[in-house]
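Below is one structure, written out as structure tokens; comments come after it.
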Amino acid sequence: MPKSRIRKKADYTPPPAKAAQAIKLTNRSWVAPVMLAMFLIGLAWIVVFYVTGGSLPIDALDNWNIVVGFGFIAAGFAVSTQWK
């Protein structure tokens, strides 16, 4: 009986390692001050509206001044999503 051929298997070679890439961090130092400023402006707007009995900050807006104050607070939360 003839002898079968022996197949030589190649040794396992792991895939080449990926080179580490530098993480690019952008300068986001403006986010925290702007976020806090928006929160404080919104809070101050609502407090001034209630303390003055509705005559300030803008008399023509009437009860919509509350919406404006909450709008500033919502904008602060929107800016906070940029914080890293």
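Since the model is a prediction, treat every value here as computed from it, not as a measurement.
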Between D59 (side chain) and L56 (backbone), is there a donor-acceptor pair under 3.5 Å? no
Minimal heavy-atom distance between G76 and M35, with the atoms involved, is O-CG, 3.5 Å
Would you mind telling me which of L40, I58, I73 makes a side chain to side chain contact (heavy atoms under 4.5 Å, CB included) with W45? I58
Taking side chain to side chain contact (heavy atoms under 4.5 Å, CB included) as the test, write out the residues that go with M38, two or more places apart. V34, F72, A75
With heavy-atom distances below 4.5 Å as the criterion, would you say the side chains of N65 and P57 are in contact? yes
For the hydrophobic clusters of this structure (ILVMFWY residues joined by side-chain heavy atoms under 4.5 Å, transitively), does one cluster hold both F49 and F70? yes
Say whether F77 and I41 are linked into one hydrophobic cluster, either directly or through other cluster members, by side-chain heavy-atom distances under 4.5 angstrom. yes
With clusters defined by side-chain heavy atoms of hydrophobic residues (ILVMFWY) lying less than 4.5 Å apart, directly or transitively, does V48 cluster with I66? no
Do the side chains of L61 and L43 join up, straight or via other hydrophobic residues, at under 4.5 Å, putting them in one cluster? no
Do V68 and V47 belong together in a cluster built from hydrophobic side chains that touch within less than 4.5 Å? no
